Amino acid sequence: MPELPEVETIANGLNKRMAGDRIDSVWLGSKPEPLKSSAEEISSALEGAQVQRVRRVGKHIVFDLESGKNPGGGQWIVHLGMTGQMLVAAPETELPKHTHLVAKMASGRELRFVDPRRFGRLEVRQSSFSGPGSEPLQIGLEEFSRLFHRSKAPIKAALLNQKLLHGVGNIYADEALFRAHIRPRRRANTLTSAELRKLHAALQKVLQAAIAAGGSSISDYVDADGEAGYFQIQHRAYGREGKPCVKCKTPIKKIVVAGRGTHYCPECQK
DNA sequence: ATACCGACCTGTCAGC
DNA sequence: TGCTGACAGGTCGGTA
């Protein structure tokens, strides 16, 4: 589900509501839980911890924690996979199906991790988490160009590779390539410096615009308050198969690249 | 080393 | 109405 703009929206919402609050107790579902750390490690790291701050790194939500048990803090890392949600809710509201974790807060609210497909991952750690790659919103043009210069993969696949840039997913890869007039199947190392410049600018612009719109809600994405985003109405390629290109009216094509549905304009993108 | 492809899960929707 | 198959915002590990 969530890519950089959605995770950013969720993390900001959580930060607003949770910063300074304390986790009193943690309930974990008994199914094969979507955990990277063990259930005991998670409970023991979270219970009694105060949330200093919640922020986004790549597609991960990072809770900076402070507690007597873990002096100097520790971090709770959440990856939402395709369908994960982090919801702040009043305890009396109905617990959604597929709730895998509930943290009862000192304020009386509950933080709930809900994930039908269970692709999401929870992890606690002591060392500081920096993510697998570079931040798309911070990277400069030179470093950006260097990342893609060596890769023979299709540029779409390279954009999805979290070890290069982290945070870009299927929607924003298609949208950035559309806005930069580049075909998704172009080998990354065949892009000219002018094209790399356009892609760098297009990617940052589309991510910023999506954050401003609260992310894209295709089916089940909601922020920490359960509110949908509305950037999907500004999509120009993703999900527009057969519809006229907003620029030249040519029908948008859908193909498979890197195993993912990929949308582009055969006229505008070269 | 690099790059494709199925597997991991559940839900939904189109087509028969 | 109900079944089947394809597909979905992500990542990982195996294989070529």
Side-chain angles (χ1 to χ4, degrees), chain A residues 1-11 29-36 56-61 77-86 96-101 113-123 129 131-133 136 147-178 184-190 203 206-207 209-211 213-223 227-242 253-263:
Chain A
M1 161 176 59
E3 305 180 32
L4 186 152
E6 291 77 34
V7 179
E8 175 94 12
T9 303
I10 293 167
S30 57
K31 305 277 185 289
E33 295 130 0
L35 307 180
K36 278 175 100 170
R56 176 193 65 75
V57 174
K59 294 177 191 170
H60 303 261
I61 300 169
I77 316 293
V78 178
H79 192 294
L80 297 172
M82 287 278 247
T83 52
Q85 302 179 339
M86 286 292 255
K97 202 176 167 186
H98 305 299
T99 299
H100 305 300
L101 177 146
F113 173 62
V114 181
D115 183 17
R117 283 176 79 177
R118 309 218 307 270
F119 288 173
R121 291 292 176 265
L122 307 180
E123 180 186 4
F129 178 78
L147 282 184
F148 297 109
H149 203 65
R150 293 192 346 262
S151 172
K152 284 186 279 187
I155 182 61
K156 161 95 182 238
L159 282 170
L160 293 178
N161 182 349
Q162 302 295 297
K163 290 184 181 137
L164 301 176
L165 289 178
H166 59 202
V168 181
N170 207 32
I171 294 178
Y172 300 101
D174 281 6
E175 292 298 315
L177 288 169
F178 178 92
R185 277 219 239 261
R186 284 278 301 284
R187 302 277 141 183
N189 61 1
T190 69
L203 180 62
V206 76
L207 292 173
I211 291 169
S216 299
S217 289
I218 304 298
S219 62
D220 50 16
Y221 158 70
V222 291
D223 69 15
E227 298 292 326
Y230 51 94
F231 189 72
Q232 63 281 5
I233 62 178
Q234 293 181 58
H235 290 179
R236 298 181 196 167
Y238 184 86
R240 298 196 66 249
E241 181 186 10
K253 257 189 154 182
K254 183 175 180 189
I255 59 176
V256 174
V257 180
R260 316 295 304 277
T262 296
H263 315 72

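Any value given below was found using the heavy atoms of this structure, including those in side chains, with hydrogens, waters and symmetry copies removed. Nothing here was measured: the structure is a model prediction, and the numbers come from that model. Residue numbering restarts at 1 for every chain, and letters A, B, ... go by the order of the sequence lines.
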Think [X] has a side-chain N or O under 4.0 angstrom from the OP1 or OP2 of [N]?
X        : N      : value
A:His98  : B:dC9  : no
A:Gln162 : C:dT11 : yes
A:Arg117 : C:dA8  : no
A:Lys254 : C:dC7  : no
A:Tyr172 : C:dG9  : no
A:Lys97  : B:dG11 : yes
A:Arg118 : B:dC8  : no

What dot-bracket string describes DNA chain C from 5' to 3', counting Watson-Crick and G-U wobble pairs whose defining distances are under 3.5 Å, with [ ] for crossing pairs and | for pairs to another strand? .|||||||.|||||||

If you round to the nearest 0.5 Å, how far is [atom2] of [Y] from [atom1] of [X]?
X        : Y        : atom1 : atom2 : value
A:Ile77  : A:His60  : CD1   : NE2   : 8.0 Å
A:Glu6   : A:Asp223 : CD    : CG    : 11.0 Å
A:Tyr172 : A:Leu165 : OH    : CG    : 15.5 Å
A:Leu80  : A:Tyr221 : CG    : OH    : 9.5 Å

Is [Y] close to [X] at the side-chain level, that is, under 4.5 Å between some pair of heavy atoms?
X        : Y        : value
A:Glu227 : A:Val222 : no
A:Leu4   : A:Pro136 : yes
A:Lys59  : A:His166 : no

Whole-angstrom distance between [N] and [M], as gauged at atom [atom1]:
N     : M     : atom1 : value
C:dC3 : B:dC9 : P     : 24 Å
B:dA7 : C:dG5 : P     : 15 Å
C:dG9 : B:dA3 : C1'   : 23 Å

In short, A:Gly215 meets A:Thr9 closest at the heavy-atom pair N-OG1, 4.0 Å

Just how far, in rounded Å, is [atom2] of [N] from [atom1] of [X]?
X        : N      : atom1 : atom2 : value
A:Ile171 : C:dG9  : CD1   : P     : 7 Å
A:Phe119 : C:dC12 : CZ    : C1'   : 11 Å
A:Glu3   : C:dG9  : CD    : C1'   : 5 Å
A:Leu160 : C:dA8  : CG    : P     : 13 Å
A:Asp115 : B:dC9  : CG    : P     : 12 Å
A:Gln85  : C:dG10 : CD    : C1'   : 16 Å
A:Ile10  : C:dG10 : CD1   : P     : 13 Å
A:Lys163 : C:dC12 : NZ    : P     : 7 Å

Sub-3.5 Å pairs of nitrogen or oxygen atoms, protein against nucleotides 13-16 of chain C:
none

Partners meeting side-chain hydrogen bond (donor to acceptor under 3.5 Å, both in side chains) with A:His79 (sequence neighbours left out): none

Tabulate atom names and distances for all N/O pairs under 3.5 angstrom spanning the protein and nucleotides 3-6 of chain B.
from	atom 1	to	atom 2	distance (Å)
B:dA3	OP1	A:Lys152	N	3.2
B:dA3	OP1	A:Ala153	N	3.0

For residues 230-239 of chain A, the side chain to side chain donor-acceptor pair (under 3.5 Å) pairs (sequence neighbours left out) are A:Ser216-A:His235

Could you list the donor-acceptor pairs under 3.5 angstrom formed by side chains in residues 151-163 of chain A, with sequence neighbours left out?
from	atom 1	to	atom 2	distance (Å)
A:Ser151	OG	A:Ala153	N	3.2
A:Lys156	NZ	A:Asn170	OD1	2.6
A:Lys156	NZ	A:Asp174	OD1	2.7
A:Lys156	NZ	A:Gly261	O	3.4
A:Lys156	NZ	A:Thr262	OG1	2.8
A:Asn161	OD1	A:Lys163	N	2.9
A:Gln162	OE1	A:Gly167	N	2.9
A:Gln162	NE2	A:Leu160	O	3.0
A:Gln162	NE2	A:Val168	O	3.0

Given A:Gln85, which partner from the list A:Thr99, A:Asp115, A:Asp220 fulfils the side-chain contact (heavy atoms from CB on, under 4.5 Å) test? A:Asp220

The criterion is salt bridge (Lys or Arg N to Asp or Glu O under 4.0 Å); which residues satisfy it with A:Arg186, sequence neighbours excluded? A:Glu195

